[in-house]
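Below is one structure, written out as structure tokens; comments come after it.
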Number of protein chains: 2
Amino acid sequence: MRSTDENTRTAAGLAHVLRPQVMRLARRLRQMQDHTLGLNPNQLSAMAVLLNSGDQLIGDLAVVEQVRPPSMTRIIHGLEMRGYVARRSDPADHRHCLVTLTEAGRQVLLANRRRRDEWLTIRIAKLDPADRDVLRRAVPVLERLNQG
Amino acid sequence: MRSTDENTRTAAGLAHVLRPQVMRLARRLRQMQDHTLGLNPNQLSAMAVLLNSGDQLIGDLAVVEQVRPPSMTRIIHGLEMRGYVARRSDPADHRHCLVTLTEAGRQVLLANRRRRDEWLTIRIAKLDPADRDVLRRAVPVLERLNQG
DNA sequence: TATTGTTATACTCTATAACTATA
DNA sequence: TATAGTTATAGAGTATAACAATA
């Protein structure tokens, strides 16, 4: 049996054909987020955490982003220089360094998301209505897949 | 309107909710491919091109992988040291350097894919049959989305 | 004494420019 | 003279180890 004829009745067969399509779409979406401004992927990703989950400690950001604390110090320093984040010492514990997304940072991030959404919107608009309906129902399934 | 209440009847609304789910799933699939052996993402990606499209010139690999020729020289050199690719001069034009995936390289790549498929298989198996059916029908739609 | 974050230093990976060889 | 690939060198970016500040 050729891989393109994979039996998608089984979870394994479905995984095998779903994975490359998801990876490929994600790769193309990722390609356009980078190089937008002088921001690298890690900086954009750290900003996304701040937007989604609110203010964070340097150490917590490092854990979430899977980098070491010194690297996160550098990432945040670059964002601070551009005015996209602000830092303040935690009044309750001055060892902690709280990082906040500024309004300018929020705007940059939202503009970036809009750009990627627009690219995907154009492609989705070219699909048949039936195909769009399939994607529409796939969203909550992917959500459950990501949570599980 | 809150973003979670996005109107998915429109292509834009659908793009907005589909994108983060695709990105998130891809990120988790990517996380496990790296650090598998001593291979970095670019090396694995170059090997995948060789597996999918057959022997390639250094220059063509550089174009496809969007790196500069000197970088591809390095990437291929690392793979050659491990015995995962072989190089030979093109008999018709000795300036060209043809790169071939070895059997060992092919095995490493297939094992890597299996590993990622297994991770996804476990998650898919936990879904309801109805959810799996939605995903099954989403695969060809994603395929069309990637082609368009 | 333990913890948070920073600085110092080394390593990895990439790109540009200069070079070798082939055509 | 032009082209494919390599070597030399510099520039980002990360990690480990050592350090400063705070608890």
Side-chain angles (χ1 to χ4, degrees), chain A residues 27 30-50 53-82 84-101, chain B residues 27 30-50 53-82 84-101:
Chain A
R27 197 179 313 128
R30 192 154 18 93
Q31 277 171 355
M32 79 178 28
Q33 93 170 324
D34 308 347
H35 320 301
T36 311
L37 302 133
L39 300 175
N40 66 34
N42 280 340
Q43 288 175 316
L44 284 166
S45 187
M47 287 173 75
V49 173
L50 295 174
S53 309
D55 300 1
Q56 301 284 326
L57 301 181
I58 290 274
D60 291 345
L61 277 175
V63 170
V64 171
E65 292 297 284
Q66 301 189 316
V67 298
R68 301 294 165 187
S71 301
M72 188 51 70
T73 293
R74 243 183 105 88
I75 289 165
I76 294 302
H77 186 253
L79 291 173
E80 194 184 17
M81 291 295 98
R82 294 164 197 273
Y84 295 153
V85 303
R87 301 158 41 139
R88 63 178 196 283
S89 191
D90 183 346
D93 185 339
H94 289 281
R95 291 174 305 183
H96 291 87
C97 174
L98 272 164
V99 184
T100 310
L101 193 64
Chain B
R27 196 179 315 128
R30 191 153 21 90
Q31 277 170 354
M32 78 178 30
Q33 93 170 323
D34 308 346
H35 320 302
T36 310
L37 303 131
L39 300 175
N40 66 33
N42 280 340
Q43 288 175 317
L44 286 166
S45 187
M47 288 171 74
V49 172
L50 295 173
S53 310
D55 298 1
Q56 301 284 325
L57 301 180
I58 292 274
D60 291 344
L61 277 175
V63 170
V64 171
E65 293 295 284
Q66 300 188 318
V67 298
R68 300 296 164 186
S71 301
M72 189 49 71
T73 292
R74 242 185 106 88
I75 289 165
I76 295 301
H77 186 254
L79 291 173
E80 194 183 17
M81 290 296 98
R82 295 164 196 274
Y84 295 154
V85 303
R87 301 159 41 142
R88 63 179 196 281
S89 191
D90 183 345
D93 185 339
H94 290 281
R95 292 174 305 184
H96 291 88
C97 175
L98 273 164
V99 184
T100 310
L101 193 64

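Side chains are part of it too, since the values below use all heavy atoms of this structure and drop only hydrogens, waters and symmetry mates. Chain letters run A, B, ... following the sequence lines, proteins first, then strands; residues in each count from 1.
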| Are OP1 or OP2 of D:dT16 and a side-chain N or O of A:Arg68 less than 4.0 angstrom apart? | yes
Nearest heavy-atom contact between A:Leu101 and A:Tyr84 is CD1-O, 3.5 Å
Side-chain touch A:Val49/A:Asp60, heavy atoms, less than 4.5 angstrom: no
Hey, is the side chain of A:Asn40 poking within less than 4.0 Å of OP1 or OP2 on D:dA12, counting only N and O atoms?
no
Sorted by chain and number, sequence neighbours left out, salt bridge (Lys or Arg N to Asp or Glu O under 4.0 Å) with A:Arg95 holds for A:Asp93
Tightest non-hydrogen contact, residues A:Met72 and A:Leu61, listed as CE-O, 3.5 Å
B:Glu65 atom CD is separated from C:dC13 atom P, nearest whole Å, by 15 Å
note: B:Arg88, atom CZ; D:dA4, atom P; distance rounded to Å ~ 18 Å
Closest to the side chain of A:Thr73, out of D:dT6, C:dA15, C:dT7, is C:dT7
Closest of D:dT16, D:dG13, D:dG5 to the B:Leu57 side chain is D:dG5
From the candidates C:dC13, D:dT6, C:dG5, the one with an atom nearest any side-chain atom of B:Arg74 is C:dC13
When rounded to whole Å, the CD1 to P distance for the pair B:Ile58 and D:dT3 reads 19 Å
Among D:dA15, C:dG5, D:dG13, the one nearest any side-chain atom of A:Arg87 is C:dG5
> Looking only at side-chain N and O atoms, does B:Ser71 come under 4.0 Å of OP1 or OP2 in C:dA15?
Replying inline: yes
Here the pair of heavy atoms bringing B:Glu65 nearest to B:Ala46 is OE1-N, 3.7 Å
N/O contacts under 3.5 Å, protein versus nucleotides 19-23 of chain C?
{"from": "C:dA23", "atom 1": "OP1", "to": "B:His94", "atom 2": "N", "distance (Å)": "3.0"}

B:Leu44 atom CG is separated from C:dC13 atom P, nearest whole Å, by 12 Å
When rounded to whole Å, the CD to C1' distance for the pair B:Gln56 and D:dA4 reads 15 Å
Atom NE2 of B:His77 and atom P of D:dT6 are separated, to the nearest Å, by 9 Å
- Message: Please determine whether side-chain contact (heavy atoms from CB on, under 4.5 Å) holds for the pair A:Leu50 and A:Asp55, giving the CA-CA distance in whole Å, both sets of side-chain angles, and the decisive distance to 0.1 Å.
- Response: CA-CA 6 Å; A:Leu50 295 174; A:Asp55 300 1; 5.6 Å; no
Rounding to 0.5 Å, atoms CG (A:Leu57) and SG (A:Cys97) come to a distance of 8.0 Å
From CE of B:Met72 across to C1' of C:dT16 the rounded distance in Å is 17 Å
Separation of C:dA15 atom C1' from B:Gln66 atom CD, nearest Å, is 15 Å
